[in-house]
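Shown next, in C-alpha cells, is the structure this report addresses.
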Amino acid sequence: MPVQFRGLRAFCAAADHLSFKAAADELCLTASAISHQIKDLETYLGVRLFERRTRAVVLTEDGAALLREVQEHVQALERSVVRFRQRPQRYPLVIRMPEFFASELFMPRVAEFSERNHHIDLRIETTGPKESPGGRADVSILLTASPPQGACSRLLFPISYVPACNPELHQRWSGDGYGALEQATLLVHQARPRAWHRWAELAGLPSPSPRQIIRLDSMFALARAAQRGAGIALIPMPISQTWFDSGALLRLFRQDLVTADSYVVVADPASEHPEAAAVLWRWVAETFQQRHANA
C-alpha cells in the first residue's frame, strides 16, 4: 500500500492545482516524480485519472470521481502524520553506576533530570564492588583509578576514606586516641580488605589488631552498620557527606585514607541515541562534579 498512498497524495495535489509542477512544488518533489507516481496509481487502478495536455492536465471523469472519494481521507491521514511527527520523540537510555553512588547522590537528584528531560526514559542499573557490568550502557559512572582512554569521560571527584562511627561510640572511644583500634570492632569492606592497614601506614601506626572484625560486601551496608553502632569504619568522602551533616556519623581520627580512586562519568560513543546520551552525560557532569560534591 505505500506506493498507492504516495500516488494518492500526488494525485490529490495535482488535482488541486491541475498542474504536476505545482503539485511537485507543494510536495517537495520533481514534476517527473509526480508524473511517475500518478502513472503507477493509474496502472494499479486500471483507469486514466488525467488527460495530459500541452500546458496543463485535466481530470477525467474517473479522476474526478476518485478525488471525491479519497481527498478528505488523504488530508486526514496527512494531518495525522504531521501530528505524530510533531510529538516529542522518546529516547530510552541505560545508565549504570555503583550502588552507593546511586543511593547517596544519583537517586536524590534524579527527579531534577526527569523534570527537565521528559523525552528521556532512564533505566538505572547498579553494580556492586568487583561486579562485572552486563551489557552496554549509554552512560556509566565508574569508581576507578584509571579512567578509560579514548572515551568521552569527565572526572567527577576523587575519593578519600574517613575513620568514623556513630555518636555513642565516638563518645566512648574519642578519648582513647589510636588505642581505640585495639579495643573496638573494625568494619571492613570486602572489596578493600587492606584499607585499615593502608590507613595505619599513612598514620605512622602499626597495623591495627582489633578486638573483632566484621566484613560487609556493600558500602551502604558498611555505612549503615557504622551508623547503628556495630563498629568503626572507613567511610568514603565526599559521597557520604549527608551522613556527617545529619550527625549520624562522626569523624573519629584526623588521618584520612587518600587513594587514587575517583568517580568518572563516561558516555558510550556507540549509543543508539547519542544526542540524548550527551544530555544525560552533561547533566551528570554538571551536577556531581567536585564543586557540587563539596557543597
Side-chain angles (χ1 to χ4, degrees), residues 1-96 110-125 134-140 151-152 266-284:
M1 189 60 187
V3 172
Q4 285 70 50
F5 177 72
R6 288 198 300 268
L8 286 171
R9 188 164 174 251
F11 163 72
C12 288
D16 277 344
H17 296 288
L18 292 179
S19 165
F20 287 1
K21 183 179 184 306
D25 291 341
E26 177 183 326
L27 300 179
C28 298
L29 297 171
T30 64
S32 176
I34 293 291
S35 178
H36 282 303
Q37 289 180 15
I38 291 175
K39 184 172 289 188
D40 288 342
L41 180 62
E42 288 176 326
T43 300
Y44 179 77
L45 297 175
V47 298
R48 290 181 61 205
L49 301 173
F50 290 99
E51 290 183 9
R52 290 149 174 90
R53 299 178 180 175
T54 305
R55 295 185 179 276
V57 291
V58 178
L59 281 170
T60 64
E61 187 175 333
D62 288 326
L66 179 64
L67 184 64
R68 290 192 297 271
E69 288 284 337
V70 304
Q71 187 173 39
E72 180 180 346
H73 302 294
V74 170
Q75 290 173 346
L77 281 171
E78 288 180 333
R79 289 193 296 269
S80 296
V81 169
V82 167
R83 285 195 298 270
F84 186 85
R85 291 185 63 186
Q86 289 176 342
R87 292 192 313 173
Q89 190 169 352
R90 305 186 69 84
Y91 298 96
L93 296 180
V94 176
I95 181 168
R96 185 176 295 124
V110 69
E112 298 175 14
F113 177 83
S114 298
E115 186 62 29
R116 291 160 54 182
N117 299 280
H118 292 170
H119 62 297
I120 297 177
D121 296 328
L122 292 182
R123 188 172 86 224
I124 301 168
E125 298 181 356
R136 171 175 287 176
D138 299 280
V139 175
S140 299
C152 184
V266 182
D268 184 353
S271 170
E272 293 183 8
H273 308 292
E275 293 183 1
V279 169
L280 176 58
W281 180 87
R282 282 194 298 271
W283 179 82
V284 169

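For this chain, numbers begin at 1 and follow the sequence in order. These numbers come from a predicted model, not from an experiment.
Not counting sequence neighbours, the partners of A76 by the side-chain contact (heavy atoms from CB on, under 4.5 Å) test are R79. Looking at residues two or more places apart in sequence or on another chain, you find a salt bridge (Lys or Arg N to Asp or Glu O under 4.0 Å) between R52 and E42. Residues forming a ring-ring contact (aromatic ring centres under 6.0 Å, His included) with F113 (at least two apart in sequence, or on another chain): W283. Not counting sequence neighbours, the partners of A33 by the side-chain contact (heavy atoms from CB on, under 4.5 Å) test are L29, T30. Residues that satisfy the side chain to side chain donor-acceptor pair (under 3.5 Å) test with H17, not counting sequence neighbours, are E26. For the side chain to side chain donor-acceptor pair (under 3.5 Å) test, residues two or more places apart in sequence or in another chain that qualify with R123 are E125. With sequence neighbours excluded, the residues satisfying salt bridge (Lys or Arg N to Asp or Glu O under 4.0 Å) with K21 are D25. Judged as a side chain to side chain donor-acceptor pair (under 3.5 Å), and not counting sequence neighbours, the contacts of E51 are R53.
For the atom pair E112 CD and E115 CD, the distance stands at 10.0 Å (nearest 0.5 Å). Here the CG atom belonging to D40 is positioned 11.0 Å from the CG atom belonging to L45, to the nearest 0.5 angstrom.
In terms of heavy atoms, A10 sits closest to A23 at O-CB, 4.5 Å. Residues A137 and D268 approach most closely at O-CB, 3.3 Å, considering heavy atoms. The two atoms that bring A276 and I120 nearest to each other are O-CD1, 3.8 Å, heavy atoms only. H118 approaches S114 most closely through the heavy-atom pair CD2-O, 2.9 Å.
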Return a table of donor-acceptor pairs under 3.5 angstrom between the side chains of residues 57-72 and protein atoms on other chains or two or more places apart.
{"residue": "T60", "atom": "OG1", "partner": "R48", "partner atom": "O", "Å": "2.7"}
{"residue": "T60", "atom": "OG1", "partner": "L49", "partner atom": "O", "Å": "3.3"}
{"residue": "T60", "atom": "OG1", "partner": "D62", "partner atom": "N", "Å": "3.4"}
{"residue": "T60", "atom": "OG1", "partner": "G63", "partner atom": "N", "Å": "3.0"}
{"residue": "Q71", "atom": "NE2", "partner": "D16", "partner atom": "OD1", "Å": "2.8"}
{"residue": "Q71", "atom": "NE2", "partner": "D16", "partner atom": "OD2", "Å": "3.4"}

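Side chain of S35 to backbone of A31: no donor-acceptor contact under 3.5 angstrom is found.
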Open item on the list: Quick one, V284 with I95, criterion side-chain contact (heavy atoms from CB on, under 4.5 Å). Give me CA distance, side-chain angles, the key distance, then yes/no.
Closed with: CA-CA 10 Å; V284 169; I95 181 168; 4.1 Å; yes
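Sorted by first and then second residue, the pairs that involve residues 46-67 and meet ring pair (Phe, Tyr, Trp, His ring centres under 6.0 Å), not counting sequence neighbours, are F11-F50, F20-F50. Counting only residues at least two apart or on different chains, the side-chain hydrogen bond (donor to acceptor under 3.5 Å, both in side chains) pairs with a member in residues 269-279 are D138-S271.
Between L8 and L77, every side-chain heavy-atom pair lies at or beyond the 4.5 Å cut-off.
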